[in-house]
Visitor: 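One structure follows; several queries about it will come next.
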Protein chains: 4
Amino acid sequence: MPDVNTEPEPAAKSGRTAPTDQGEKIFAAAVSIFAEHGYHKTSMDEIAEAAGISKPTLYAYLGSKAELYRMCMRRVTEALIEAISSVVSEDLPIEEQLWRGLNAFFSFVARFRDEWRVLYQQVVWQEGPAGDEAVATRRLLLDNVTELLGRAAVRQGNPLGTDELRGLSTALVGAAESLSEGLIDHPGQRPEDTSRQLMNLLWQGLGGLLHGEVWPGVSPAGT
Amino acid sequence: MPDVNTEPEPAAKSGRTAPTDQGEKIFAAAVSIFAEHGYHKTSMDEIAEAAGISKPTLYAYLGSKAELYRMCMRRVTEALIEAISSVVSEDLPIEEQLWRGLNAFFSFVARFRDEWRVLYQQVVWQEGPAGDEAVATRRLLLDNVTELLGRAAVRQGNPLGTDELRGLSTALVGAAESLSEGLIDHPGQRPEDTSRQLMNLLWQGLGGLLHGEVWPGVSPAGT
Amino acid sequence: MPDVNTEPEPAAKSGRTAPTDQGEKIFAAAVSIFAEHGYHKTSMDEIAEAAGISKPTLYAYLGSKAELYRMCMRRVTEALIEAISSVVSEDLPIEEQLWRGLNAFFSFVARFRDEWRVLYQQVVWQEGPAGDEAVATRRLLLDNVTELLGRAAVRQGNPLGTDELRGLSTALVGAAESLSEGLIDHPGQRPEDTSRQLMNLLWQGLGGLLHGEVWPGVSPAGT
Amino acid sequence: MPDVNTEPEPAAKSGRTAPTDQGEKIFAAAVSIFAEHGYHKTSMDEIAEAAGISKPTLYAYLGSKAELYRMCMRRVTEALIEAISSVVSEDLPIEEQLWRGLNAFFSFVARFRDEWRVLYQQVVWQEGPAGDEAVATRRLLLDNVTELLGRAAVRQGNPLGTDELRGLSTALVGAAESLSEGLIDHPGQRPEDTSRQLMNLLWQGLGGLLHGEVWPGVSPAGT
DNA sequence: TATGAATGAGAATTCATTCAT
DNA sequence: TATGAATGAATTCTCATTCAT
């Protein structure tokens, strides 16, 4: 979703927007409204209207409400993973990777609030096959983080078990998700501050933190 | 949770089923179904049927679907907080408090799966007054954890700022919530294992963990 | 319904109100609430509560909501007819009878607003047997007025046909009913003023009125 | 009333039923059923079925039951006022105006029974905004009559006070409404007869009538 | 007798989804 | 292709009425 907010060329050629734009308009509208009202309280009428098309057209493109939502999730997930991956190169020191990753994540949340909310909402979605897919979408993010940590562990010469790794990344993602709410609720808050909070916890652990140790990578007062 | 908060009615009169039983039946059914289908996909018909009563009776007891859900949340929250508070006494060493708290939490989740899911679902509920209450309910949990950490920090001689504390507890709760999903999905999994994973992360930090340090309270190989 | 507002002896004998009082309480409550909300928007719960009894007791007394309403109507109708009849004695001059009757009617309306509204509401009630009875109750009033006019006509030596009489009384009652709304809406308004307006119209006719003739019985400026 | 206000759609396109037809069908059905059962005992299901459409369609057109009823009232009121106004031209003698007006009114009632009943029912409607509108609708009729009488009074060189005028028209409308019931109940009855009855009362007054005087415009024996 | 508790039947309203054009 | 119009299927909530005690 690096395309979000992409205004399709200042001057639209003719009177008709290209077919692809249709799709973009739909997604933009859907994401915005899903984020605002949640899946269930969002009606297809709303989306159609916001997208400036008719409902039958909407259905022609996506087939069903659930499918549309899933598509939104998929796009957002991909964009988020891309946003993180692009700044976390394997050859950086592990701390640096972590720091950059967190920063990328919280920046994404702060910048694409609606997109993030669409993702966050589906945390608990339990409806048969549709839900499975939704869960799978979410797992994608987790897999990426797990892989990241796995590589890091190996590099530190201390390979962890699969379960161990999974647990760590699950915890990490959960912590990040939870903190993201603060960014959503207080638009003024700076993503770096949130990153640092989490980085401190992750790197020093509570044990260290309570003894006044913080992650040396950022000065407590620095930004 | 059927056992929590059940005041056994000072004197059970005669053979007539005590009115409270109805209430319990309703809550049991509601929690179970809300957990299964989520708030929106759950109909009052379903709950009434599961509770073995008629819909009007259901409404007589709880007033409205939203109210019923809120009541469920409130009960579960209280039970959860009670479960944690009862094992975390202030005079214990801070590590011990943390360990016991996590254990109590994950045990609760494992034991009262449905109850926990009801709570977890409301993560994203943004509808006027009903939503406000839902958010408040959730905040209660967070407040308790924050207070816990606050006391701990003070005891360690390193009082943290409000924001700092809030951030830590938010992260902690998020991590725990996230890990709880594993317990839900794999009923065989032992809560202690999950606790230990998180304890390790919390106490040693990722930094330590990756160097093979684990929380000394549990042996790395121990189950 | 001369009993309306009759507070059943300052000191209720024992702890239990006499059974008859039950009935009165019920009617008082019913009339008040029917008047306030109308038949359909009034619930039996409301009436029971206002009467200070339980719903089963309410049903024990009256059998059904429709029956209760009909009883209310019947009582009010009788009270109204009594109020009018008691001041219209046959041996008075016809004009005087008319004037007194109108005055009695509008005074009743002004004094027993709720009671009157119960009667007025059922103007259009068309539900099989229940409605028939309701219409019959209303007809009672009309019959009385018709009879009044009939006697008057005979005394004036100009007996009118049945249809003619019926038409006149129907018109008269309708006019009075319609004017009663003003009394209901403006509690300060004096019943005599309304009576005089109608008396002028009835006695002089529009033809006369428009030429400045008024019923000589009351001076235009007088009360 | 199906004929009133029907703008025949500038150009009926093809074989597709014009959308307006739906609207007409709905109104026809609604008026008929509201007249039959009254507002409260009428269900939207009934109306939808009678109109040969589905409930959602019904809602798409009118929004809500109350709104639908209000629309019906409005239409009927307008039609009635139009029916009367169209025959009462200001330059006619006052008697003639009155006579024609009454005739138009009773003819309307006789011809559009259901329509009239819809209007007559709302006499007592006291629920917030919906009720306000209902009362306003009724007042419209009253205002028109008041204005009529006002002009007449002025022309007769005897202008009446506002209250006086209002009282007269209120009485007149009430009398007419009341008499209309006879036309409803006895379909065979001729509107002119009812008009004449009321005209006699209005023009001669009871005083005159009882002395055998009748409005000279119609012969006493004439039908 | 009096009632706390329960309910069958129904009512308004909404929404994802699909024709006919 | 794109859509105005239509709907089947629910869903929340209410109320007159009745048992069991």
Side-chain angles (χ1 to χ4, degrees), chain A residues 16 19 22 39-48 52-69, chain B residues 13-23 39-48 51-68, chain C residues 16 19 22 39-48 51-69, chain D residues 13-19 21-23 39-48 51-68:
Chain A
R16 254 194 39 186
Q22 277 301 44
Y39 178 77
H40 288 287
K41 305 262 289 189
T42 294
S43 80
M44 292 297 261
D45 288 77
E46 264 176 303
I47 296 179
I53 59 175
S54 73
K55 257 191 304 179
T57 306
L58 184 53
Y59 275 87
Y61 269 76
L62 271 316
S64 81
K65 186 183 178 185
E67 186 62 26
L68 173 54
Y69 191 71
Chain B
K13 289 170 204 165
S14 62
R16 211 155 70 98
T17 50
T20 306
D21 286 352
Q22 289 291 46
Y39 178 77
H40 287 288
K41 304 266 287 191
T42 294
S43 81
M44 291 299 257
D45 288 78
E46 262 177 303
I47 296 180
I53 60 175
S54 71
K55 238 184 322 171
T57 305
L58 184 53
Y59 275 89
Y61 273 75
L62 272 314
S64 80
K65 187 183 175 183
E67 186 62 23
L68 174 53
Chain C
R16 257 193 38 186
Q22 277 303 41
Y39 178 77
H40 287 287
K41 305 262 289 189
T42 295
S43 79
M44 291 299 259
D45 288 76
E46 264 177 302
I47 296 179
I53 59 175
S54 73
K55 254 190 306 178
T57 306
L58 184 54
Y59 275 87
Y61 270 75
L62 272 316
S64 81
K65 186 183 177 184
E67 186 62 26
L68 174 55
Y69 191 70
Chain D
K13 289 169 205 166
S14 62
R16 212 156 68 99
T17 51
D21 286 352
Q22 289 291 47
Y39 178 77
H40 287 288
K41 304 264 288 190
T42 294
S43 79
M44 291 299 258
D45 288 78
E46 262 176 303
I47 296 179
I53 60 175
S54 71
K55 242 186 319 173
T57 304
L58 184 51
Y59 275 87
Y61 272 76
L62 271 314
S64 80
K65 187 183 175 184
E67 186 62 23
L68 174 54

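Since we're looking at a predicted model, the values are computed, not measured. Letters A, B, ... mirror the listed sequences (proteins, then strands); counts begin at 1.
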Visitor: Which distance, rounded to the nearest 0.5 Å, do you find between the CE of M44(A) and the NZ of K55(A)?
Guide: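 So the gap between those two atoms works out to 8.5 Å.
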Visitor: OP1, OP2 of dT7(F) versus side-chain N and O of S54(D): anything below 4.0 Å?
Guide: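 Yes, within the criterion.
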Visitor: Could you check G63(C) against A60(D) and say which one's nearest nucleotide on DNA chain F is further toward the 5' end?
Guide: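 Residue closer to the 5' terminus by nearest nucleotide: A60(D).
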Visitor: Quick check: any donor-acceptor pair below 3.5 Å linking the side-chain of K55(A) to the base of dT17(E)?
Guide: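 Check passes, donor-acceptor contact within cut-off.
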Visitor: What's the closest nucleotide to the S43(B) side chain, out of dT11(F), dT17(F), dT17(E)?
Guide: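 Of all the options, the side chain of S43(B) is nearest to dT11(F).
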Visitor: Rounded to the nearest angstrom, tell me the gap between atom OH in Y39(C) and atom C1' in dC15(F).
Guide: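 Those two atoms, OH and C1', are 11 Å apart.
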Visitor: Checking base pairs now: Watson-Crick or wobble, both atom distances under 3.5 Å. What partners dA20(E)?
Guide: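 Base-paired to dT3(F).
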Visitor: In whole angstroms, how far is the C1' atom of dG4(F) from the CD1 atom of I53(A)?
Guide: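 Checked: the CD1 to C1' distance equals 15 Å.
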Visitor: Atom CG of L58(C) to atom P of dA2(E): distance rounded to whole Å?
Guide: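 So the CG-P distance, L58(C) to dA2(E), works out to 12 Å.
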Visitor: Between atom CG in D45(C) and atom P in dT3(E), what is the gap in whole Å?
Guide: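 Taking atom P of dT3(E) as the reference, CG of D45(C) is at 14 Å.
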Visitor: Would one find a side-chain N or O of Y61(D) under 4.0 angstrom from OP1 or OP2 of dA6(F)?
Guide: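 Yes, because at least one side-chain N or O of Y61(D) sits under 4.0 Å from OP1 or OP2 of dA6(F).
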Visitor: Find the distance L68(C):CG to dT17(F):P and express it as a whole number of Å.
Guide: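 Those two atoms, CG and P, are 10 Å apart.
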Visitor: Indicate, with a heavy-atom threshold strictly under 4.0 Å, whether T57(D) touches base, sugar-phosphate, or nothing.
Guide: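 If one applies the 4.0 Å heavy-atom cut-off, T57(D) turns out to touch a base.
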Visitor: Look at the side chain of Y39(B) and the backbone N and O of A66(B), then say whether any donor-acceptor pair between them is shorter than 3.5 Å.
Guide: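 Such a contact is found between Y39(B) side chain and A66(B) backbone.
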Visitor: Can you tell me how far the OG atom of S54(D) sits from the CG atom of L58(D), to the nearest 0.5 Å?
Guide: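 Between atom OG of S54(D) and atom CG of L58(D) there are 8.0 Å.
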Visitor: In whole angstrom, what separates Y59(D)'s OH from dT11(F)'s P?
Guide: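 In whole Å, dT11(F) P lies 18 Å from Y59(D) OH.
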Visitor: Considering heavy-atom distances to DNA chain E, does T42(A) or T42(D) have its closest nucleotide positioned more toward the 5' end?
Guide: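 In this pair, the answer is T42(D).
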Visitor: Whole Å only: how far is the NZ atom of K41(D) from the P atom of dG10(E)?
Guide: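 So the NZ-P distance, K41(D) to dG10(E), works out to 12 Å.
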Visitor: By nearest atom, which of the nucleotides dT12(F), dA5(E), dT13(E) is closest to the P56(C) side chain?
Guide: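 So the nucleotide nearest the side chain must be dA5(E).
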Visitor: Within this structure, what is the OG1-OH distance for the pair T42(A) and Y69(A), rounded to the nearest 0.5 Å?
Guide: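 If I round to the nearest 0.5 Å, the distance is 8.5 Å.
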Visitor: Looking at Q22(D), I'd like to know whether one of its side-chain N or O atoms comes within less than 4.0 Å of OP1 or OP2 on dA6(F).
Guide: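 Answer is yes, contact under 4.0 Å.
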Visitor: May I have the distance from E46(D) (atom CD) to dA12(E) (atom P), rounded to whole angstrom?
Guide: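 After rounding, the reported distance stands at 9 Å.
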Visitor: Would you check if the side chain of E46(C) reaches a backbone N or O of S43(C) as a donor-acceptor pair within less than 3.5 Å?
Guide: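 Checking the backbone N and O of S43(C) against the side chain of E46(C), a donor-acceptor pair under 3.5 Å is found.
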